[in-house]
Every structure is written in structure tokens, then in C-alpha cells.
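This report refers to the structure that appears directly beneath it.
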Amino acid sequence: MKKNLFGLTLADLERELLPLPKFRAKQIAAHIYKHAVKNFDAMNDLPKNLRTELSSRFEIKIADLLKRLDSRDGLTTKFLLGLAGGAAVEIVLMRHDYGNSVCISSQVGCQMGCAFCASTLKGFERNLTAAEMLGEIFFAEEIFRGEGKKLDSVVVMGTGEPLMNFDELIKMLRLLHEDYCLGMSYRKITISTCGLVPAIKKLRDEKIPVTLSISLHAPDDKLRCALMPINSAFGLKSLLAAGDDYAQSTGRRVTYEYILIGGVNDTEEHARRLAKILSGQLANVNLIPFNPVDEKNFRPPTNNAVKKFFHFLNTHGIGATIRKEMGADVNAACGQLRAKILV
Ligand code: SAH
């Protein structure tokens with residue numbers, strides 16, 4: 001088995017390539033991360049015999065393309081990617097008028113058990129490595145580059161709970177930010193969590209000002225416990241305090257995601273309670289009309305309920321946006337493609 005060099009930091013590369021001098025590691029890092037070179041033979045600033053030796057010992061591998069689905073409007077593309085050991089994860093590319101983004105997965109499957117989410121349908125397999133998460137981003141970057149576009153932002157909002165895979169996540173974010181890699185600003189990165197309070201504090205202590213997005217979905221503990229098992233461990237009060245603390249410490253506004261599910265959490269009374277618990281927070285609410293999942297017994301809200309909910313929040317001091325529906329025709333809700341294909 002050849003060792004994969006993709007996803008190594010410069011320091012790791014230097015160590016791996018010993019006794020080669022450090023400048024060789026720098027050259028190779030530039031090929032891998034700046035020029036998306038996958039083949040040592042193409043590294044023409046390296047001596048020929050070194051290229052041959054490297055090819056015999058190492059490889060540069062991201063992921064295998066298993067399936068591609070393009071939305072009819074061409075704005076959203078979903079990929080199912082194959083990883084080592086037969087695992088498959090999904091990424092979603094979104095082309096907005098304000099920039100291009102990719103939504104990546106952090107785990108194979110998910111163990112958080114949210115009642116409305118397709119990611120839990122096949123259970124939890126394993127965490128992704130930093131290299132695999134970076135690979136998802138590079139895969140997207142190459143697709144965008146092929147279209148003459150640029151990757152502007154990254155959201156960790158696909159399958160899995162990123163804060164359950166904390167160390168690899170942080171390693172990936174730090175590498176992504178390095179100048180020799182994509183040099184991506186932390187402000188262009190969003191981490192979405194179902195609400196692991198201790199890990200939110202740990203993230204704050206990392207002092208990397210990524211945008212934090214908290215999946216709230218309910219304005220009281222009773223309903224939130226019914227929808228999201230994590231709420232039994234960390235209730236709303238401690239979650240909102242952690243969100244507030246994150247916003248104060250980083251100066252970054254926290255986004256609260258709120259899926260509107262027809263007849264479950266979408267009435268004016270829910271909006272009133274939501275506005276109350278968020279009042280005074282440096283926060284935005286992102287309303288997401290529920291994306292139907294065959295296996296789940298929930299329905300989307302009516303257009304009228306969405307409009308009313310949105311209007312209520314905005315007229316009661318809470319900045320809210322409605323997530324533009326993208327890619328419903330490519331099963332863009334979390335875990336839907338993977339759940340459908342891996343039958
Ligand atoms: N575990 C993280 C990130 C993955 S989920 C988290 O919970 O935030 C990303 C977002 O998509 C979450 O807000 C999640 O609740 C939401 N989501 C899951 N299933 C959905 C569906 N069927 N329709 C709309 N949004 C969904």
C-alpha cells in the first residue's frame with residue numbers, strides 16, 4: 001500500500017519525506033495544494049529519479065466519484081464520493097450570485113438521531129479524517145475551477161456532527177487556512193452543530209473565528225427533546241448561553257438554524273417563543289422549510305406559515321432569513337442521496 005500524501009501538513013510532509021531537504025516538501029506541497037497535481041511525474045521541478053522514487057512509495061489521492069446529480073437550474077450539484085474502506089459521503093456544490101460554496105460531510109453516517117434527518121437512517125459508520133474532509137473541499141474546488149469559477153466558502157453542514165469529530169475537524173480547518181494550502185479565511189467557513197455545548201466552548205478556545213451555526217429547530221426543551229435527542233444532554237438554556245458566549249468571544253454573529261416542519265414547530269406561538277429566547281443575542285435565524293424525507297413522517301410547512309413565521313421574527317427584533325430552496329430535485333437535504341443510493 002502506498003502512503004497517501006494528500007492532507008498532510010507541511011510539517012508532516014517534511015517528516016514523511018526525510019531525508020529529503022525541507023525545500024522538497026515545500027515544492028511538493030505547492031504541487032498538491034496549489035496546482036492540484038496528482039501525479040509525481042508532472043512535478044517537473046523535481047529530478048526525474050526522485051519523481052520515480054516518490055511514485056513507487058507514495059500516492060496523491062482525494063476521492064472517487066461515485067455519482068453526480070445536477071439540479072435542473074444548474075445551480076446545485078451533488079456528488080457522492082467514495083472513500084477508503086468502501087465508505088461513501090456526499091458533498092453539495094452551490095452556485096450563488098454572491099459566490100460559490102461547498103457543503104461537506106464530517107462523518108460517514110450520524111449518531112445524533114434527529115427525528116427529521118436522513119443522515120441517521122443508515123446509522124453511524126466512522127469519523128472522516130482531516131485529509132478526507134479536505135479532499136471533499138478540493139474535489140469541489142477542482143469542479144468550480146473547471147467551470148472558470150472559484151470556491152469562495154465552505155460549510156460543514158452535510159452528513160455527520162462535526163463537533164463529534166473535533167480534532168480532525170480542527171486539523172483540517174487549520175490546514176485549509178494555511179497559505180501553502182487554499183489560504184481560506186476562517187470567516188468563509190461555517191460549522192453547523194446540533195448543540196454539543198462543551199465542544200462549542202472548546203471551539204471558542206481554538207481562537208479560529210469560524211462562523212458557528214446552531215441547529216435549534218424548537219423554542220422549548222420539550223419539543224426540542226422530541227426532535228433532537230442531544231437536547232436531553234444539553235438543554236436550551238446552556239446551549240443559548242454557549243452560543244452567546246461564542247458570539248461575544250469571537251465577535252461573530254451566530255446563526256440559529258430553524259427547520260420549519262408543517263404542524264410541528266411552525267405556528268405563530270412557536271415564533272413568539274423563539275423571538276423571546278433569542279432576544280438580546282448577537283444572532284440571526286435561518287429558516288429552512290423542511291425538505292421531505294421519504295422515511296420520515298413529517299411534512300413541509302405551507303408557504304403562508306413560512307412567510308408568517310419570517311415576518312413575526314423580523315418585526316420582533318430578530319434578524320431572520322429564509323433559506324432559498326436549492327437542489328430539492330437532487331435530494332439536497334442531509335444524507336438523502338447517500339441513504340437512497342446505499343440501499
Ligand atoms: N450535525 C450538524 C450538521 C449537519 S445537519 C447539525 O445538526 O447542524 C445540517 C442542517 O440540515 C441542520 O440544521 C439539520 O437539522 C438540517 N436538516 C436535516 N435534515 C433536514 C431536512 N430533511 N430538511 C431540512 N433541513 C434538514
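Indexing begins at 1, ligand by ligand and atom by atom, following the structure's order.
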Less than 3.5 Å apart, any donor N or O on the side chain of Asp73 or Ser71 sitting next to an acceptor on the other?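 Yes, a side-chain donor-acceptor pair sits under 3.5 Å.
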We want to know whether Asn284 and Thr255 form a side-chain donor-acceptor pair, criterion being a heavy-atom distance below 3.5 angstrom.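 Short answer, no.
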How about Leu134 and Cys181: do any of their side-chain heavy atoms sit closer than 4.5 Å? yes
Have a look at ligand 1 and work out which part of [X], if any, has a heavy atom under 4.0 Å from it: side chain, backbone, both or neither.
X      : value
His217 : side chain
Glu161 : both
Thr193 : backbone

Look at ligand 1 and say whether Ser119 reaches it with a heavy atom at a distance under 4.0 Å. no
Calculate, to the nearest 0.5 Å, the distance between atoms CG and CD belonging to Leu54 and Glu59 respectively. 13.0 Å
Atom CG in Leu65, atom CG in Leu80: separation rounded to 0.5 Å?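 Here the interatomic distance stands at 8.5 Å.
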Hey, does Gly160 come in under 3.5 Å of ligand 1, counting only N/O atoms on both sides? yes
Going by the order shown, which atoms of ligand 1 are within less than 4.0 Å of some heavy atom of [X]?
X      : result
Cys117 : 18 (C), 19 (N)
Met157 : 4 (C), 5 (S), 9 (C)
Val293 : 22 (N)
Cys194 : 6 (C), 7 (O), 8 (O)

Is the distance from the ring center of Phe290 to that of Phe116 below 6.0 Å? no
Would Glu257 and Ser192 count as a side-chain hydrogen bond (donor to acceptor under 3.5 Å, both in side chains) if you check the C-alpha gap in whole Å, the side-chain angles of each, and the deciding distance to 0.1 Å? CA-CA 9 Å; Glu257 287 158 89; Ser192 182; 2.8 Å; yes
